[in-house]
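Here it is, the structure in full.
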Amino acid sequence: MAYEMIEVRVEADKVGIITLNRPKQLNALNDQLMDELGAALKAFDADEKIGCMIITGSERAFAAGADIGAMAKYSFADAYKGDYITRNWEAIRSIRKPVIAAVSGFALGGGCELAMMCDFIIAADNAKFGQPEIKLGVIPGAGGTQRLPRAVGKSKAMDMALTARMMDAQEAERAGLVSRVVPLDKLADEALGAAITISGFSQLAVMAAKESVNRAFEGSLSDGVMFERRLFHALFATQDQKEGMDAFVNKRPANFVNL
Ligand code: CAA
């Protein structure tokens with residue numbers, strides 16, 4: 001598939017990088033961009049040699065939200081019948097390998113929601129997060145009212161959704177929205193380093209860890225703990241578990257084969 005609104009490349013033979021590429025519109029997210037993003041993520045997910053993906057934007061904007069010009073004209077009937085604006089956003093949740101958001105600049109509205117759909121967020125020190133939809137007479141429509149409180153707690157999520165104020169990178173790290181903050185010029189290397197580390201582990205264990213952490217995020221504690229235990233025990237059926245533990249016991253590097 002030829003892409004117009006994203007750029008796609010592979011680094012280190014095992015990391016798939018997707019760069020949102022509508023710089024003039026601060027990477028505002030329209031249906032075409034989201035279709036392309038979904039297709040690129042699925043292609044990387046299906047590619048045996050890819051162990052991890054990164055979604056990133058420009059220095060000025062990860063993404064400034066859903067495309068307001070495109071959606072301004074919709075009526076309720078249009079949006080509801082066509083499932084417009086956010087129809088394919090949850091495609092990212094079907095991706096089984098890890099997806100890192102490398103965020104610099106604005107991550108607002110749908111941009112913040114897209115970052116939160118990724119498995120974790122590494123932010124540049126100029127990143128700004130926000131859910132300003134209230135200023136447009138609407139509310140977050142791609143999971144913001146659900147994922148933001150789970151990430152930062154009710155009080156901060158309410159503050160952001162109700163006042164539309166932005167959170168800077170330092171506040172986002174303190175609040176637990178992002179896992180690391182790095183200087184802007186180190187963002188790409190930091191995200192790539194994390195992705196290469198992940199790609200070096202057993203894909204089976206990586207996918208199981210991702211599935212299990214998501215269970216904690218999306219379900220009850222008791223269900224999550226049981227789910228985790230089943231997956232943990234199941235990993236003892238893999239060659240990679242034998243290899244990883246044998247390597248530790250014998251003080252040698254592990255050589256995982258994804259079996
Ligand atoms: N949609 C469409 N175009 C956008 C956009 C968006 N979300 N955000 C920015 N742009 C465009 C601007 O219209 C402008 O285009 P022109 O040069 O053609 O006028 C260009 O990007 C640059 O933007 P600004 O001139 O406004 O740049 P700034 O530095 O003064 O401000 C900003 C930057 C604070 C991000 C500001 O652009 C802004 O507030 N953008 C809108 C943010 C927003 O409300 N996002 C939520 C969208 S709704 C949503 O996402 C729903 C959902 O939950 C799925």
Side-chain angles (χ1 to χ4, degrees), residues 4-7 18-38 41 55-95 99 101-118 121 123-152 154 156-172 177-178 184 187 218:
E4 292 176 355
M5 300 200 170
I6 59 172
E7 287 177 352
I18 300 170
T19 305
L20 310 181
N21 189 28
R22 294 186 80 202
K24 287 202 186 99
Q25 295 85 3
L26 303 185
N27 291 331
L29 305 165
N30 62 13
D31 284 339
Q32 183 183 343
L33 188 153
M34 293 308 292
D35 285 344
E36 292 183 10
L37 178 62
L41 287 167
I55 301 177
T56 194
S58 67
E59 288 188 5
R60 191 168 168 216
F62 177 73
D67 189 320
I68 300 168
M71 69 183 159
K73 62 181 182 294
Y74 289 135
S75 66
F76 165 74
D78 294 330
Y80 186 70
K81 271 197 291 184
D83 197 16
Y84 290 145
I85 309 161
T86 54
R87 68 162 180 247
N88 50 11
W89 284 54
E90 296 285 315
I92 190 170
R93 294 186 61 216
S94 67
I95 302 303
V99 183
V103 174
S104 46
F106 296 111
L108 301 179
C112 186
E113 292 168 302
L114 174 62
M116 289 192 290
M117 278 181 221
C118 295
I121 303 172
D125 51 12
N126 76 336
K128 285 190 186 308
F129 298 87
Q131 297 290 163
E133 288 90 343
I134 201 88
K135 292 204 296 195
L136 301 170
V138 292
I139 64 170
T145 64
Q146 304 304 300
R147 292 194 177 93
L148 192 61
R150 283 170 167 80
V152 305
K154 176 184 166 188
K156 240 180 222 303
M158 280 288 191
D159 182 359
M160 292 176 69
L162 297 178
T163 70
R165 83 170 172 89
M166 293 185 215
M167 205 189 258
D168 67 18
Q170 286 69 29
E171 184 181 0
L177 180 61
V178 311
L184 176 57
L187 178 66
E218 292 169 5

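Numbers here are sequence positions counted from 1. Numbering of ligands and ligand atoms starts at 1, following listing order. All values reported here derive from a predicted model rather than from experimental measurement.
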Original post:
Any idea which part of A64 is under 4.0 Å from ligand 1, heavy-atom wise: side chain, backbone, both or neither?
Top reply: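 For A64, backbone and side-chain atoms both sit under 4.0 Å from ligand 1.
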Original post:
Against heavy atoms of G109, which atoms of ligand 1 measure under 4.0 Å?
Top reply: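 Those qualifying, in numeric order: 46 (C), 50 (O).
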**OP:** Pick, from I68, N30, L108, T86, the option with the minimum heavy-atom distance to atom 35 (C) of ligand 1.
**Re:**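 Selected option, by shortest heavy-atom distance: L108.
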**OP:** Measure the distances from the heavy atoms of G144 to every atom of ligand 1 and state whether one is below 4.0 angstrom.
**Re:**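 It does not; every heavy atom stays at 4.0 Å or beyond.
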Original post:
To the nearest 0.5 Å, how far apart are CD in E36 and CG in L20?
Top reply: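 E36 atom CD to L20 atom CG measures 10.5 Å (nearest 0.5 Å).
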**OP:** Report yes if the side chains of I139 and Q131 come closer than 4.5 Å at any heavy-atom pair, otherwise no.
**Re:**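 Side-chain contact under 4.5 Å: no.
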Original post:
If you count the atoms of ligand 1 from 1 in the order shown, which ones are under 4.0 Å from a heavy atom of G141?
Top reply: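 Near G141, the atoms of ligand 1 are 52 (C), 53 (O).
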Original post:
Counting heavy atoms only, which part of A28 comes closer than 4.0 Å to ligand 1: side chain, backbone, both or neither?
Top reply: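 The answer is the side chain of A28.
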Subject >> Set of side-chain hydrogen bond (donor to acceptor under 3.5 Å, both in side chains) partners for R60, sequence neighbours left out >> reply: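 Listed in chain order: nothing, the list is empty.
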**OP:** Check for a donor-acceptor pair, side chain of N126 on one end and backbone N or O of L184 on the other, with a separation under 3.5 Å.
**Re:**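 No; zero donor-acceptor contacts below 3.5 Å.
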Original post:
Roughly how far apart are N21 CG and E7 CD, rounded to 0.5 Å?
Top reply: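 Answer rounded to 0.5 Å: 4.5 Å.
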Subject >> Results of side chain to side chain contact (heavy atoms under 4.5 Å, CB included) for A157 - residues two or more places apart only >> reply: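 Residues passing side chain to side chain contact (heavy atoms under 4.5 Å, CB included) with A157: L148, P149, V152.
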Original post:
Looking only at heavy atoms, what is the nearest atom pair of N27 and A61, with distance?
Top reply: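 Heavy atoms of N27 and A61 come nearest at ND2-O, 3.0 Å.
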Original post:
How close does the nearest protein non-hydrogen atom get to atom 16 (P) of ligand 1, and which residue and atom is it?
Top reply: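 I find the closest protein heavy atom is K24 O, 5.0 Å.
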Original post:
Got a second to check how far K128's NZ is from M167's CE, nearest 0.5 Å?
Top reply: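 Going from the NZ atom of K128 to the CE atom of M167 covers 12.0 Å.
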**OP:** Check for a donor-acceptor pair, side chain of D67 on one end and backbone N or O of L29 on the other, with a separation under 3.5 Å.
**Re:**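 Not at all, since once roles are kept as given, no pair shorter than 3.5 Å links the two residues.
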Original post:
What do you think, any protein heavy atom under 4.0 angstrom from atom 13 (O) of ligand 1?
Top reply: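 So far as the 4.0 Å threshold goes, atom 13 (O) of ligand 1 is out of reach of every protein heavy atom.
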Original post:
Using heavy atoms and a threshold below 4.0 Å, how should the contact between M71 and ligand 1 be classified: side chain, backbone, both, or neither?
Top reply: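 M71 to ligand 1: side-chain contact only, backbone stays beyond 4.0 Å.
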Original post:
Can you tell which of I68, L108, V138 makes a side chain to side chain contact (heavy atoms under 4.5 Å, CB included) with E133?
Top reply: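 In the set I68, L108, V138, the residue that makes a side chain to side chain contact (heavy atoms under 4.5 Å, CB included) with E133 is V138.
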**OP:** Any atoms of ligand 1 less than 4.0 Å from a non-hydrogen atom of P140? List them with their elements.
**Re:**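 What qualifies from ligand 1 is 53 (O).
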Subject >> Under 3.5 Å: donor-acceptor pair, side chain of T86, backbone of A142 >> reply: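 Answer holds: no.
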Subject >> Contact bool for atom 47 (C) of ligand 1 (protein heavy atom, d < 4.0 Å) >> reply: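 Given the 4.0 Å cut-off, atom 47 (C) of ligand 1 counts as touching protein heavy atoms.
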**OP:** Please check if a non-hydrogen protein atom sits closer than 4.0 Å to atom 26 (O) of ligand 1.
**Re:**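 It does not: no protein heavy atom is found less than 4.0 Å away from atom 26 (O) of ligand 1.
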**OP:** Evaluate the side-chain proximity of V103 to V178: yes if any heavy-atom separation is below 4.5 Å, no if none is.
**Re:**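 A side-chain contact is absent here, since even the closest heavy-atom pair is not under 4.5 Å.
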Original post:
Which of the numbered atoms in ligand 1 are below 4.0 angstrom from a heavy atom of L26?
Top reply: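 Answer, ordered by atom number: 9 (C), 21 (O), 22 (C), 23 (O), 33 (C), 35 (C), 37 (O).
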Subject >> Residue and atom name of the nearest protein heavy atom (relative to atom 54 (C) of ligand 1), distance in Å to one decimal >> reply: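 Protein heavy atom at minimum distance: E113 OE1, 3.6 Å.
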**OP:** Answer yes if a protein heavy atom lies under 4.0 Å from atom 29 (O) of ligand 1, otherwise answer no.
**Re:**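 Yes, because at least one protein heavy atom sits under 4.0 Å from atom 29 (O) of ligand 1.
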Original post:
Any non-hydrogen protein atom below 4.0 Å of atom 21 (O) of ligand 1?
Top reply: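 Yes, because at least one protein heavy atom sits under 4.0 Å from atom 21 (O) of ligand 1.
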Subject >> Which of the ligand 1 atoms, numbered from 1, are nearer than 4.0 Å to a heavy atom of E133 >> reply: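 Answer, ordered by atom number: 48 (S), 49 (C), 50 (O), 51 (C), 52 (C), 53 (O).
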**OP:** Could you tell me whether atom 7 (N) of ligand 1 has a protein heavy atom closer than 4.0 Å?
**Re:**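 Answer yes: something from the protein, a heavy atom, is under 4.0 Å.
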Original post:
Pick from N30, D31, D35: which one makes a side chain to side chain contact (heavy atoms under 4.5 Å, CB included) with L33?
Top reply: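 For L33, the side chain to side chain contact (heavy atoms under 4.5 Å, CB included) check succeeds only for N30.
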Original post:
Do N88 and L37 have side chains that get closer than 4.5 Å, going by heavy atoms?
Top reply: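 They are not in contact (no side-chain heavy atoms under 4.5 Å apart), so the answer is no.
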**OP:** Pull out every atom of ligand 1 sitting under 4.0 Å from any heavy atom of P132, numbered as shown with elements.
**Re:**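 In order of number, 43 (C), 44 (O), 45 (N).
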**OP:** Would you mind listing which atoms of ligand 1 come within a distance below 4.0 Å of any non-hydrogen atom of L136?
**Re:**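 Counting from 1, the qualifying ligand atoms are 44 (O), 47 (C), 48 (S).
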Subject >> R22 contact mode with ligand 1 (heavy-atom cut-off under 4.0 Å) >> reply: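 The answer is neither.
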Original post:
How does I85 reach ligand 1, by side chain, by backbone, by both or by neither, if only non-hydrogen atoms under 4.0 Å count?
Top reply: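 For I85, there is no contact with ligand 1 at all, from either part.
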**OP:** Examine distances only and state if a side-chain atom of S104 and a backbone atom of S58 form a donor-acceptor pair shorter than 3.5 Å.
**Re:**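 Side chain of S104 to backbone of S58: a pair is present.
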Original post:
Do any non-hydrogen protein atoms sit less than 4.0 Å from atom 18 (O) of ligand 1?
Top reply: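 No, there is none.
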Subject >> Option of least heavy-atom distance to atom 10 (N) of ligand 1 (set: Q25, M166, R60) >> reply: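 The nearest heavy atom belongs to Q25.
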Original post:
Do any non-hydrogen protein atoms sit less than 4.0 Å from atom 38 (C) of ligand 1?
Top reply: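 No, there is no protein heavy atom closer to it than 4.0 Å.
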